[in-house]
Amino acid sequence: MGIKGLAKLLSDEAPDCIREVELKSLHGRKIAIDASMAIYQFLIAVRSGGPNQQATMLTNAEGETTSHIQGMFNRTIRYMTEGIRPVFVFDGKPPDVKSHELIKRREKREKAQAALAVASEEGNVEEQDKQSKRLVRAGTKENEDCRKLLTLMGVPVVTAPCEAEAQAAALCKAGLVYATGTEDMDALTFATPILVRKLTFANASKSMVQTMNYNKVIEGLAISHDQFVDLCIMLGCDYCDTIRGVGPKTALKLIREHGNIEKVIETIDRKKFVVPESWVPNEKKLDAQSDDDDEEGVESPSKEENNGIVDTEELIPAYVQARKLFNEHEVLNDIELKWKPCQAEDLQKFLVDDMGFNVDRVKNNIEKLQAAYKANSKPQTRMDSFFAVKANPNAAKSAAKRKADAAKAKAAVSKKKTKKH
DNA sequence: ACTCTGTCTCAAGACGGC
DNA sequence: TTGAGACAGAGT
DNA sequence: GCCGTCC
């Protein structure tokens, strides 16, 4: 998931694209959030039981998991009370090229399943916990639950035709939201104008969030959008392998020098840097047509492609396909986002009767939600001028930060020296 | 000296009471 | 699972 | 700030 090492690369090479801002500064903003990612986090983190017992999900009377509801409910209310209007974006069908990756995950999951069975047999609590975390997945059920919850809360929900990050980026580009809220750096590759990270409430009081600005990324790295996409592919994305021996530094250098992946492949010493076969399908075809194995035995639901298509698809280098996914990802275009008052009665019913939540707490929270909704619908919630003025002093700040970074770098170097000692 | 790879570790949500 | 950070070790 | 609870 995401682009390997991109966050670090940006903080090293294009520090001006990153800003630490107060949560308050997002007041009045609409933000698109990757729901599947959030749900997954909740399923992993929201558990009861101490270190000595089996950590278990929160559940209702029927034994169905409610951790994700708990997490989603709280967080959404928190967003609203902070004056942030969230829209949750759900994943659609993953793109075909991801299937290799998904098959691998599935195999791992099956292994974990077996390991869990063994651990239960042996009563190995620690192992059970480990394996059950490994099994966590935001399935259809959890997604449906959250969709229902959010709808009852009056929060808009968008189901992407494909990847949520791409859809969120599209919403942002269309000006329907201010930013994409995610930890997944993919969003930048999809060219979301603004990405907000750490949009969580870990440290309650001084909650700072991190924003990344796409234009400043391009500016800071001094490369074009197409080059940035190629760079991301070389760093490592979900859609294809990478060149062995080329990490972040080298990838950036190579892209700057040669402009695109084709030229890079032409130029580099391929004995030192191993280019994945899928990147040069023509060569494979030319010199040996012997071993053909494409993960047989695993389900491939739609085998309706005819031979002609399969052949040409195989001749397209993997990085070209990845590029296409980043640049021409399928998204919905004409969307209307509406924040409505919550359906208090049904919401309470859902949480209390179906999910077994505590009545008083639910009532309390619904009141909070309603108050927040009211406050947010008042006109002029956002004082743009105020923040626009604030933007200026920040230029000086970033210059200062650059200085500080340089100093830090120096310090780090001398530290290394003393350490090695 | 620099970069990449592999291995390890740890935490992962949000709230409230104390 | 992921990500980040720290560190060792190997390749250039 | 830590730690138990939420379901």
Side-chain angles (χ1 to χ4, degrees), chain A residues 1-9 11-12 34 36-53 55-79 81-82 101-102 104-109 111-112 129-138 145 182-186 197-207 234-236 238 242-254 268-269 271-274 350-362 364-365 368 412-413 415-417 419-420:
Chain A
M1 226 146 277
I3 310 295
K4 216 178 289 168
L6 180 57
K8 187 163 184 303
L9 182 75
S11 86
D12 292 344
D34 180 347
S36 311
M37 181 133 298
I39 293 170
Y40 177 77
Q41 308 283 10
F42 291 137
L43 290 175
I44 294 262
V46 184
R47 284 158 177 251
S48 79
N52 275 334
Q53 7 168 348
T56 58
M57 308 268 201
L58 307 183
T59 58
N60 66 8
E62 279 83 56
E64 296 167 316
T65 299
T66 54
S67 295
H68 53 303
I69 309 278
Q70 177 78 222
M72 185 69 83
F73 188 53
N74 284 332
R75 188 183 283 186
T76 304
I77 288 173
R78 184 65 186 271
Y79 284 152
T81 58
E82 295 288 349
E101 193 54 35
L102 294 177
K104 269 188 226 156
R105 282 183 206 170
R106 189 180 138 150
E107 280 166 2
K108 274 184 193 162
R109 180 167 295 127
K111 251 183 229 165
D129 187 38
K130 204 168 98 192
Q131 297 300 344
S132 73
K133 274 194 187 174
R134 215 167 266 178
L135 278 169
V136 164
R137 169 171 50 162
D145 290 344
T182 180
E183 302 308 305
D184 194 338
M185 298 293 291
D186 276 8
R197 301 175 85 203
K198 313 269 147 70
L199 194 48
T200 171
F201 309 98
N203 20 310
S205 58
K206 271 230 160 119
S207 64
M234 290 181 75
L235 291 175
D238 278 1
T242 58
I243 303 176
R244 186 140 223 277
V246 175
K249 307 274 182 185
T250 318
L252 180 57
K253 189 170 145 253
L254 289 173
I268 55 170
D269 180 349
K271 290 201 178 104
K272 281 184 209 156
F273 303 103
V274 183
F350 176 63
L351 290 172
V352 177
D353 299 350
D354 299 350
M355 298 297 159
F357 279 46
N358 175 288
V359 193
D360 296 327
R361 272 193 200 116
V362 168
N364 222 327
N365 279 323
K368 262 202 231 169
V413 168
K415 221 185 206 174
K416 249 187 214 165
K417 269 184 195 160
K419 227 184 204 173
K420 254 190 190 159

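Letters A, B, ... are given to chains in the order of the sequence lines, protein chains preceding strands, and every chain is numbered from 1. Any value given below was found using the heavy atoms of this structure, including those in side chains, with hydrogens, waters and symmetry copies removed.
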Specify the separation, in whole Å, of atom CG of A:Leu58 and atom P of B:dA14. 14 Å
Roughly, in whole Å, what's the span from CZ in A:Arg47 to C1' in B:dA11? 13 Å
Using only modelled atom types and a 3.5 angstrom limit, is any donor from either the side chain of A:Tyr40 or the base of C:dT1 paired with an acceptor on the other? yes
Nearest-nucleotide comparison on DNA chain B, the residue closer to the 5′ end among A:Phe42 and A:Pro248: A:Pro248
For nucleotides 3-5 of chain C, give me every protein contact, N/O to N/O, under 3.5 Å, one pair per line with atom names.
{"from": "C:dG3", "atom 1": "OP1", "to": "A:Met1", "atom 2": "O", "distance (Å)": "3.0"}
{"from": "C:dA4", "atom 1": "OP1", "to": "A:Arg197", "atom 2": "NH2", "distance (Å)": "3.1"}

Any A:Met234 side-chain heavy atom under 4.5 Å of A:Ile243 side chain: yes
Kindly point out which of C:dT12, D:dC7, B:dC4 is positioned nearest to the side chain of A:Thr59? D:dC7
What's the separation between atom CZ in A:Arg78 and atom CG in A:Asn365, rounded to the nearest 0.5 Å? 12.0 Å
Using a cut-off of strictly less than 4.0 Å, decide whether A:Arg78 has a side-chain nitrogen or oxygen near OP1 or OP2 of B:dA14. no
Shortest side-chain distance from A:Asn74, nucleotide among D:dC7, C:dT1, B:dG13: B:dG13
Tabulate protein N/O versus nucleotide N/O from nucleotides 8-10 of chain C, keeping only pairs under 3.5 Å, one per line.
none

Considering just the side-chain nitrogens and oxygens of A:Thr250, establish if one lies under 4.0 Å of OP1 or OP2 belonging to B:dC4. yes
Can you name the ring pair (Phe, Tyr, Trp, His ring centres under 6.0 Å) partners of A:Tyr79, sequence neighbours left out? A:Phe201
Counting side-chain heavy atoms from C-beta on, which of B:dC15, B:dC4, D:dC6 comes nearest to A:Phe201? B:dC15
Along DNA chain B (nearest heavy atom to each residue), the more 5'-positioned of A:Arg75 and A:Gly247: A:Gly247
Which protein N or O atoms sit under 3.5 Å from an N or O of nucleotides 6-8 of chain B?
{"from": "B:dG6", "atom 1": "OP1", "to": "A:Arg244", "atom 2": "NH2", "distance (Å)": "2.6"}

Only one of A:Thr59, A:Thr56, A:Ile44, A:Val46 forms a side-chain contact (heavy atoms from CB on, under 4.5 Å) with A:Ser67, so which one is it? A:Val46
Using the P atom as the point on both nucleotides, what is the distance between B:dT9 and D:dT5, in whole Å? 29 Å
Taking the C1' atom in each of B:dC15 and C:dG3, what is the distance between them to the nearest angstrom? 25 Å
Rounded distance (Å) that lies between atom C1' of B:dA14 and atom CZ of A:Arg361: 12 Å
Hits for side-chain contact (heavy atoms from CB on, under 4.5 Å) against A:Asn364, two or more places apart or cross-chain, chain-then-number order -> none
Contact class for A:Gly71 (heavy atom, under 4.0 Å): base, sugar-phosphate, or nothing? nothing
Please tell me which of the listed nucleotides, B:dG13, C:dT1, D:dC7, lies nearest to the side chain of A:Thr66? D:dC7
Between the protein and nucleotides 16-18 of chain B, are there any N/O to N/O pairs under 3.5 Å, and if so, what are the atom names and distances?
none

